[in-house]
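Given the structure is predicted, the values throughout are model-derived calculations rather than measurements.
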Amino acid sequence: MPVTHNRPAAVACALLAAVLLPPLAALPQASAHASGARAATTLDATTSQAVWIDRDTVAWNGVAGAASTQLLYSRDGSLTISSTGTDVHRIRLEKTTLTDAQKARFPHLKDYTAWSVDPRDRDRVREAVKGQLVVSQRAANGAVLAATGVQIAGVLDDLYPGATKAHLGPVFHGGRPTLSVWAPTAQSVSLELDGSLKRMRRDDATGVWSVTGPASWRGKPYRYVVKVWAPSVREVVTNKVTDPYSVALTADSERSLVVDLDDKVLAPAGWRELRKPKAVPLRDAQIQELHIRDFSVADKTVPRKDRGTYLAFTDTGGDGSRHLRKLAKAGTSYVHLLPAFDITGIPERKADQAVPDCDLASFPADSERQQECVGKVAGKDAYNWGYDPFHYTVPEGSYATDPDGVARTVEFRRMVQALNRDGLRVVMDVVYNHTAASGQAATSVLDRIVPGYYQRLLADGSVANSTCCANTATENAMMGKLVVDSVVTWAKQYKVDGFRFDLMGHHPKANILAVRKALDALTLKKDGVDGRKIILYGEGWNFGEVADDARFVQATQKNMAGTGVATFSDRARDAVRGGTPFDADPGVQGFASGLYTDPNTSPANGTKEEQKARLLHYQDLIKVGLSGNLAKYRFTDTGGNEVSGAQVDYNGAPAGYADAPGDALAYVDAHDNESLFDALAYKLPKGTSAGDRARMQVVAMATSALSQGPALSQAGSDLLRSKSLDRNSFDSGDWFNAIHWDCADGNGFGRGLPPAADNQSKWDYARPLLTTVKLGCPQITGTSAAYRDLLKIRTTEKAFNLATTTEVQDHLSFPLSGKDETPGVITMKLGDLVIVFNATPQQQQQHISALAGTPYTLHPVQATGSDDTVKSASYTTGSGTFTVPARTVAVFTR
């Protein structure tokens, strides 16, 4: 299955491969003719192919015919090929085989040769991991046959299991702080506090270094000074590093701060007594995905000093806040905030933030100048999505009125308060699957304290970067612990109501379930929050070096079914929009963009017959989505066959994978890829009127809003939000990203050609659209009102909140599905409701003979609602005929 999450290659992620120069004694290298030996090219100075999996075992294939195999270590890192160095020690290795338990723990190493540490040398293992390491093999004459560096994460987990119980970062007892950091391979660690050095004590059982100080340390800036072997530069270094468990920072993350998050001065008025909106089960959640800066930076009704900050959410008179309250009243239950932890991609001091030096508004709608001007300051301006983690458990400083100190803590809490008071619970987007950098990079925190541990290494020892940046190894015990500890801190100290895991499929399933277990243990009495009501969902994509459970059982779509943790479902999304997010021609149409029923001129759509066949298959995918993506839900497909959701094909994978409603999260757009309006702009025929574009937006949004299970929508999509066709706006600045809550400001379309880096290949498609597609307030406000009507129906009718597959099977059906199904129309019966999705440009009649004589009327929300067109929908009792206007979703009730 293709990767369906678009991650930019330039999210300020620096990838530094971890390389080791093999420390070899001054012995002759074997020639290619040495008995039983391979060519001397096995002496690779740039790789770490050996994996030390536990204190007794090294996995490495090596070469055949070696007379001896050994592990060499040097505390001072002085070993080179030409010198024995000043500090050389040897651990003898004997050939063995991996046990079944070891193969289960490291499945990607199951075919490796195993080497057992000689029992006489096992008392030196803890010392060995503190320095330069290499495994080498020699011929009988002493010639070196092969050598490589060593990966050490497995042996560290085996040596220091007690570290997972340690309390890291700043912890206060009786007003006195203790600072602790896990650094088992460090040769020394000191605390640099307010400019002076303090000695730290090492616990040999856990590898944790700690120091306790007086109450006067409160509020002081600090860093750790860590002396450690760094394989990325092949030398012993002394790093001055902020705390991976920081809870507060100075501006631009230059220093950690000794802060107690329980300090009363950090609690806004009413914080401890904060009453949450009523908890909504995950299977019933309606979620708005929102970027903090997008929310208010262009909102003139928000005080200038608060625009783009946490405090904008406290300005109750702002247009954005008023709109969120309307959505909450209609049934939206959660606001999902894009990453709001400390990141690398934005200068935190406003004085340091660059702005475009062009009059952007003066350029034509299809001009290249806007993106050129924005691009010149990208990376130096105030904008980034935030998928470039720096410190996982501190609010981002650029969203605070003052980034230097604890204002960010107080203001984040005030934001949560404000959203809760508006009737919305808060989900936080978390990105534990990668770091912004690794190795000795300035923004590398974890890898500069325990080099080679926190990042996932490939077979050659280089850092995996399949997620865009330096992947983390969440399968390693202390990285997994960091994830759990960080999430619990956000839940307890910031009262966050849910978490969305970025690229969750790169986490082990066990790690996500450990998060769930830790949250479930939180109680109102003990912790101030009810952790059982905190929701979890994430991207269960299956790709990269961990794909198909290569290293562990992943937290992917199919594996997370039945766990209570939801995954994004791309099945119906692609069917509704058409094609995939990665099509060379963006004009590939789908159910809500006119495939077959209102074709555009794109040759990529195929013949009329091919279009019809694809549309009907898309309709089956959407039906699976409407069921909650249930694997065992059975219905008649458009070929007339009785099938289960799992038997419907999605690019070679089962469309249905969920065990119960709530396992799959429905959506038709999010921050990644084009917004829904922009995708439809590419796909609908160029002559489609503004009114019809608005109606198709509602049809598309209805397919997720009216499904079983949770649904997510990108904030502003109900206002026809556009990013001027930008498919990857992670660093495209406010100009392309800001939400325009006031329809008088437009919807963001026609603000110039989108940035060249990710969109230039589509410019020829974009130019004629940017100058011709026009919208006005009637379309923008009308779309939002119609969507809110559907939300009211979705969240007030109990039939949309079914708890089990059996209930869905008993109450949900598609009575007209089969060989005679109308292309472009889906008719769904749900309990006492009948919903007709008419995506065609014509009025449609749907005859359900089994319902003849049963009275139905248009749902009162729509009958008295904002959309005059849907009010003309009708039902003929005698024949069981539902008549629905073009491009309309109508809900009928008994």
Side-chain angles (χ1 to χ4, degrees), residues 51 53-54 98-110 151 153-166 168 182 282 392 430-435 446 453-457 464 466-467 471-491 498-522 531-532 534-568 657-660 662-664:
V51 185
I53 63 174
D54 56 42
L98 293 173
T99 67
D100 290 342
Q102 288 171 329
K103 290 178 181 179
R105 172 71 178 85
F106 302 96
H108 62 296
L109 304 178
K110 67 181 184 299
Q151 301 179 30
V155 69
L156 293 183
D157 282 346
D158 186 44
L159 290 172
Y160 302 104
T164 59
K165 305 297 183 183
L168 302 177
W182 187 64
L282 177 58
Y392 284 117
V430 288
V431 190
Y432 299 110
N433 63 84
H434 63 248
T435 53
L446 298 170
Y453 178 83
Y454 286 103
Q455 316 298 152
R456 183 175 297 126
L457 304 182
S466 57
T467 64
N471 294 1
T472 57
T474 42
E475 63 272 27
N476 295 341
M478 294 303 284
M479 185 62 213
K481 170 184 168 63
L482 189 156
V483 173
V484 174
D485 291 348
S486 178
V487 168
V488 168
T489 299
W490 286 110
F499 296 90
R500 175 266 194 191
F501 286 84
D502 183 65
L503 296 184
M504 189 171 69
H506 269 57
H507 286 256
K509 176 180 178 179
N511 180 230
I512 302 301
L513 294 183
V515 170
R516 180 72 272 169
K517 182 178 179 180
L519 291 174
D520 287 345
L522 302 179
R532 293 169 301 175
I534 293 173
I535 66 171
L536 299 179
Y537 57 93
E539 295 178 302
W541 314 137
N542 177 36
F543 70 100
E545 74 286 350
V546 298
D548 301 321
D549 300 330
R551 294 188 176 222
F552 43 76
V553 177
Q554 302 161 258
T556 48
Q557 289 170 323
K558 67 182 180 71
N559 289 342
M560 295 308 291
T563 65
V565 179
T567 54
F568 284 84
Y657 63 83
D659 281 351
D663 285 349

Euclidean distance, Gln554 CD relative to Phe543 CZ, rounded to 0.5 Å | 9.5 Å
For Ser486 and Tyr432, test the side chains for any donor-to-acceptor distance below 3.5 angstrom and give the result as yes or no.
-> yes
Shortest non-hydrogen pair, Ala518 vs Val488, comes out as CB-CG2, 3.8 Å
Are Ile534 and Val487 side-chain neighbours, meaning at least one heavy-atom pair lies under 4.5 Å?
-> no
Excluding sequence neighbours, so at least two apart, what forms side-chain contact (heavy atoms from CB on, under 4.5 Å) with Asp54?
-> Asp56, Thr57, Gln102, Asp158
Check whether any side-chain heavy atom of Asp157 sits under 4.5 Å from a side-chain heavy atom of Asn476, and report yes or no.
-> yes
Value rounded to 0.5 Å, distance of OH in Tyr454 from CG in Leu156 = 10.0 Å
Step by step, work out the side chain to side chain contact (heavy atoms under 4.5 Å, CB included) result for Leu168 and Asp485.
-> CA-CA 9 Å; Leu168 302 177; Asp485 291 348; 5.6 Å; no
Check step by step if side chain to side chain contact (heavy atoms under 4.5 Å, CB included) holds for Val51 and His108.
-> CA-CA 11 Å; Val51 185; His108 62 296; 5.8 Å; no
Could you tell me which non-hydrogen atom of Thr164 sits nearest to which non-hydrogen atom of Ala477, and how far apart they are?
-> CG2-CB, 3.9 Å
Side chain to side chain contact (heavy atoms under 4.5 Å, CB included) between Thr563 and Arg516: does it pass, once the steps are laid out?
-> CA-CA 9 Å; Thr563 65; Arg516 180 72 272 169; over 6 Å; no
Looking at side-chain heavy atoms only, is the closest gap between Phe501 and Asn511 below 4.5 Å?
-> no
Nearest 0.5 Å, what's the CG-OG1 distance between Asn433 and Thr467?
-> 4.5 Å
Minimal heavy-atom distance between Ala561 and Ala658, with the atoms involved, is CB-CA, 4.2 Å
Report yes if the side chains of Asp549 and Lys558 come closer than 4.5 Å at any heavy-atom pair, otherwise no.
-> yes
In Å and rounded to the nearest 0.5 Å, what is the CG to NZ distance from Asn559 to Lys509?
-> 6.0 Å
How about Ser466 and Asn471: do any of their side-chain heavy atoms sit closer than 4.5 Å?
-> yes
Is any side-chain heavy atom of Glu475 less than 4.5 Å from a side-chain heavy atom of Arg456?
-> yes
Reported CZ-to-CD distance for the pair Phe568 and Gln557, which is rounded to 0.5 angstrom | 11.0 Å
Going from NZ on Lys517 to CG on Leu519, what distance comes out if it is rounded to the nearest 0.5 angstrom?
-> 12.5 Å
With no hydrogens and no angle check, do the side chains of Asn542 and Asp548 hold a donor and an acceptor under 3.5 Å apart?
-> yes
Tell me, do Leu536 and Met504 make a side-chain contact under 4.5 Å, heavy atoms counted?
-> no
Considering all heavy atoms, the nearest Gly154-Phe106 contact = CA-CZ, 4.2 Å
Kindly give the heavy-atom pair with the smallest separation between Met479 and Leu446, and that separation in Å.
-> SD-CD1, 4.0 Å
Taking all non-hydrogen atoms of both residues, which atom of Gly505 and which atom of Val546 are closest, and how far apart?
-> O-CG2, 3.9 Å
Donor on one side chain, acceptor on other, Asp663 and Tyr657, under 3.5 Å | no
